[in-house]
Amino acid sequence: MREFQHDIAGDRVTVHVPETAEDLQEFWEWLYRARERGPVALDTETTGLDIFSPGYRLRTVQFGDAFDAWVLPYERGGYFASYARDAIRRCRQVLIHNAPFDWLVLDRHAGIPLEDLAPWTTDTRILASLVDPRQPQEGGIGTGLKPLSAHWVDPAAPDTQAGLTAVFRSLGLTKETGWAGIPLTDPTFLLYAGLDVILTARLEPVLRRELRRLGVRDQLVTYEHELARICTVMMRTGLVLDVEYTRGLDGQLGDDAERYAAEAARYGVENVNSTAQLADAFAGMGENLTERTASGAVKVDKNVLLSLADMGLQWQPLGVRTPNPLALAVVKAKRAGKWRQSYTRTFLDTVDADGRCHPFINALQARTGRMSITRPALQTLPSSDAMIRRCLLADPGHVVISTDFSAVEMRVLAALADVKRMKLAIERGEDLHDFTARLVYGEGFTKTHRKLAKGVGLGKIYGGGAATISRQTGAPIEDVQRALKAYDRLYPEIRRASSRWQREAFQTGMVKISATGRRLPLDRDRTYAVTNYMCQSAARDVLGQSMIQMEDAGLLPYMRLPIHDEILASAPAREAEEIAREVERCMTWPLYGVPIVAEAEIGGRSWGSLYGADY
DNA sequence: CTTCTCACG
DNA sequence: ACGTACGTGAGAAGT
């Protein structure tokens with residue numbers, strides 16, 4: 001047995017590393033005593049983050065409480081691995097920091113189904129997010145184990161990640177190769193692996209106490225754990241990648257990027273992504289660029305480039321000026337380069353041996369609670385052109401089903417602010433923006449009127465002013481100002497609720513969402529954002545509640561992605577119609593009496609088929 | 001590491 | 001009194 005000592009918060013703690021069968025017996029005896037006393041903290045060390053790539057290895061499994069940690073060298077196999085697996089199965093209450101990652105690792109590489117482990121897990125990252133969801137850049141503690149431990153457990157808690165990076169370097173390894181290459185005998189590696197579970201064990205009671213002090217409901221904690229589990233099942237399932245099509249598209253985008261970059265080079269622009277070079281080149285061509293960025297530099301973004309190229313936002317020719325050939329080449333080169341780099345490359349980099357991509361879904365990421373998806377960022381694929389979404393497919397024999405809520409943030413606002421006339425219109429099943437336009441401009445309202453009403457409605461939700469709404473909608477500012485006044489007369493409850501929410505939030509710097517009891521941090525110099533936080537957060541929980549209802553209805557095997565106000569699913573073609581109706585049913589329910597409704601669209605084999613692709 | 005840009009809801 | 005668009009992830013350039 002190897003043992004390492006360390007001091008945490010004034011206590012001497014011990015990290016044990018079993019080396020023999022007798023050592024494992026000792027571990028076993030500790031485990032039985034520990035699980036009688038309370039929850040056992042659990043963690044894994046692996047070769048990296050790409051859980052689904054070939055050659056991925058589970059290296060160690062750690063168990064611990066507030067004073068002792070045991071690092072089992074799983075990679076050695078034999079009884080080290082079987083003791084680790086059995087120990088996990090014997091634990092009843094388990095504490096994990098960022099559980100979805102370890103659930104997936106243990107599911108895929110240790111044969112422990114996440115369905116078995118998840119019900120017994122408390123994720124300290126979820127607890128921390130519910131205390132304060134802010135990242136360090138936003139002035140929060142963050143949700144990493146290190147900053148949380150430093151804040152709640154011991155200011156001198158070691159930065160195990162940074163410490164290991166230094167060890168990696170001393171061994172001639174890098175941040176990327178270190179996790180796979182470091183010997184399992186390395187003392188720093190073993191010590192830090194052990195300390196992580198000890199810190200997790202110490203974090204949990206502190207965060208629980210803090211949640212109680214803040215009045216956060218247990219129900220919310222349970223609900224977040226259910227959502228995390230549902231999202232982890234979706235990650236495990238992943239989406240089929242049309243590898244052949246994606247390779248073809250990747251090559252084509254690469255060729256396009258190269259061709260248009262060469263065109264730009266003829267005008268002296270070596271790098272189409274350099275705004276400085278572009279500004280110089282356009283100045284040399286006699287173009288007068290007037291817009292500036294926040295820091296005072298010449299603004300050269302897509303809007304500027306498209307107007308120089310005499311094109312509208314959808315790339316349609318406008319015919320108001322002579323198109324600048326450099327601008328045209330640059331927008332084309334940039335788009336092709338970005339779409340290749342951000343999408344097709346990432347698809348091909350992350351696809352597993354079975355041809356599936358497993359994005360990382362963070363069920364509780366934004367400060368409003370919104371979910372996010374990374375590697376690849378599947379919530380942000382282009383929707384104006386189907387070519388990128390065309391890469392992702394429903395399962396063999398399946399079709400894609402996209403079901404989205406109808407104007408969910410407007411409905412949520414009507415519910416939370418008790419907006420009488422809006423609620424009436426929703427109950428009658430009217431289109432909200434039509435309804436507003438009719439009340440303001442009469443029966444003969446035009447498309448422009450509706451667009452303005454929609455812009456103002458959205459502006460209300462975002463907390464925008466007349467100038468921004470005017471810029472976004474393209475409507476004259478006087479029209480917007482009039483429409484805003486009319487809007488406030490029609491729906492006076494919105495302004496009243498907004499003022500009340502701002503007043504309440506200013507006291508504590510926290511927004512409290514009535515429906516869930518969730519607390520959101522609000523910057524005191526941006527109290528106008530409170531309406532948006534209310535709507536965005538409540539809408540996120542409308543999605544979350546619907547996802548739970550979908551699981552209850554047996555739909556989890558079909559669920560693929562949560563996209564803010566939409567659920568993407570894959571379902572057998574023959575049952576698609578029936579499943580689509582079931583999904584709609586799960587996403588349709590009243591929020592404080594306001595009907596939330598959703599509509600399903602059934603596509604073909606590829607996700608792109610819902611955006612105009614013919615497959 | 002910050003800034004700018006661009007993709008989404 | 002007035003006015004403030006919200007939330008993300010990702011890549012590239014530049015400091």
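Just the heavy atoms: all of them, side chains too, but no hydrogens, waters or symmetry mates, feed the values below.
Residues in residues 495-518 of chain A take part in no ring-ring contact (aromatic ring centres under 6.0 Å, His included) pair, two or more places apart or across chains.
Side-chain atoms of Thr275(A) lie closest to dC4(B) of the nucleotides dC4(B), dG7(C), dA13(C). The side chain of Pro382(A) has dA7(B) as its nearest neighbour among dG7(C), dA7(B), dC4(B). Minimum atom distance to the side chain of Asp301(A) is reached by dT5(B), of the listed dT5(B), dG9(C), dG7(C). Comparing dT8(C), dG9(B), dG14(C) against the side chain of Ala276(A) picks out dG14(C) as the nearest. Listed candidates were dT5(B), dA7(B), dG11(C). Nearest to the side chain of Ser342(A) is dG11(C). Taking only side-chain atoms of Lys299(A), from C-beta outward, the nucleotide of dG7(C), dA10(C), dT5(B) with the closest atom is dT5(B). For Asp565(A), the listed nucleotide lying nearest its side chain is dG9(B); candidates were dG9(B), dC6(C), dT8(C). Minimum atom distance to the side chain of Lys302(A) is reached by dA7(B), of the listed dT4(C), dG7(C), dA7(B). The nucleotide whose nearest atom lies closest to any side-chain atom of Thr293(A) is, among dC8(B), dG9(B), dT5(B), dT5(B). With dG7(C), dT4(C), dA10(C) as the choices, the nucleotide that has an atom nearest any side-chain atom of Ala377(A) turns out to be dA10(C).
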*How is the base pairing of DNA chain C summarised as a dot-bracket string, given the Watson-Crick and G-U wobble criteria with both distances under 3.5 Å, [ ] for crossing and | for another strand?*
.....|||||||||.

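Ser384(A) comes within 4.0 angstrom of the backbone, heavy atoms only, and of no base. Counting any heavy atom pair closer than 4.0 Å across all strands shown, Ala539(A) reaches no nucleic acid atom. The residue Gly459(A) sits close to a base: some heavy atom pair falls under 4.0 Å.
Taking the C1' atoms as reference points, dG9(B) lies 14 Å from dA5(C), given to the whole Å.
For dC6(B), the OP1/OP2 oxygens have no side-chain nitrogen or oxygen of Gln341(A) closer than 4.0 Å. Residue Ser274(A) places at least one side-chain N or O closer than 4.0 Å to OP1 or OP2 of dG14(C). Close to dT3(B), at under 4.0 Å from its OP1 or OP2, lies no side-chain N or O of Ser295(A). Residue Tyr462(A) places no side-chain N or O under 4.0 Å from the OP1 or OP2 atom of dT4(C). Side-chain N/O atoms of Arg526(A) include one lying less than 4.0 angstrom from OP1 or OP2 on dG7(C). Remark: Ser372(A) is in phosphate contact with dG9(C), judged by side-chain N or O atoms under 4.0 Å from OP1 or OP2. Under 4.0 angstrom from either OP1 or OP2 of dG7(C) there lies at least one side-chain N or O belonging to Tyr533(A).
Atom-to-atom distance recorded for Leu130(A):CG and Leu220(A):CG is 5.0 Å, nearest 0.5 angstrom. Atom CZ in Arg266(A) sits 10.5 Å away from atom CG in Leu326(A) (nearest 0.5 Å). Rounded to the nearest 0.5 angstrom, Ile563(A) CD1 and Ser372(A) OG are separated by 12.5 Å. The distance from atom CG of Leu227(A) to atom CD1 of Ile361(A), rounded to the nearest 0.5 Å, is 11.0 Å.
Distance CZ (Arg540(A)) to C1' (dT8(C)): 14 Å, rounded to an integer number of Å.
In this model, a donor atom of one side chain and an acceptor atom of the other lie less than 3.5 Å apart for Ser498(A) and Thr531(A).
Between Leu253(A) and Ile388(A) the shortest heavy-atom distance is CD1-CD1, 4.3 Å.
Contact check on Asp250(A) versus Arg345(A) returns a salt bridge, with a Lys/Arg side-chain nitrogen under 4.0 Å from an Asp/Glu carboxylate oxygen.
For dC6(B), the base has a donor-acceptor partner in the side chain of Lys338(A) [N/O atoms by modelled type, under 3.5 angstrom]. If you check distances only, the side chain of Arg370(A) does reach the base of dG9(B) with a donor-acceptor pair under 3.5 Å.
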*Report the C-alpha separation of His225(A) and Asp123(A) in whole Å, then their side-chain angles, then the decisive distance to 0.1 Å, and conclude whether the side-chain contact (heavy atoms from CB on, under 4.5 Å) test is met.*
CA-CA 7 Å; His225(A) 280 81; Asp123(A) 186 341; 3.7 Å; yes

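A parallel orientation is assigned to the rings of Phe52(A) and His358(A), their planes being inclined by less than 30° (bins at 30° and 60°). Between Phe347(A) and Tyr343(A), the ring-plane angle classifies as tilted under the 30° and 60° cut-offs.
Of the residues in residues 468-485 of chain A, Thr468(A), Gln472(A) come within less than 4.0 Å of DNA chain C through at least one heavy atom, sorted by number.
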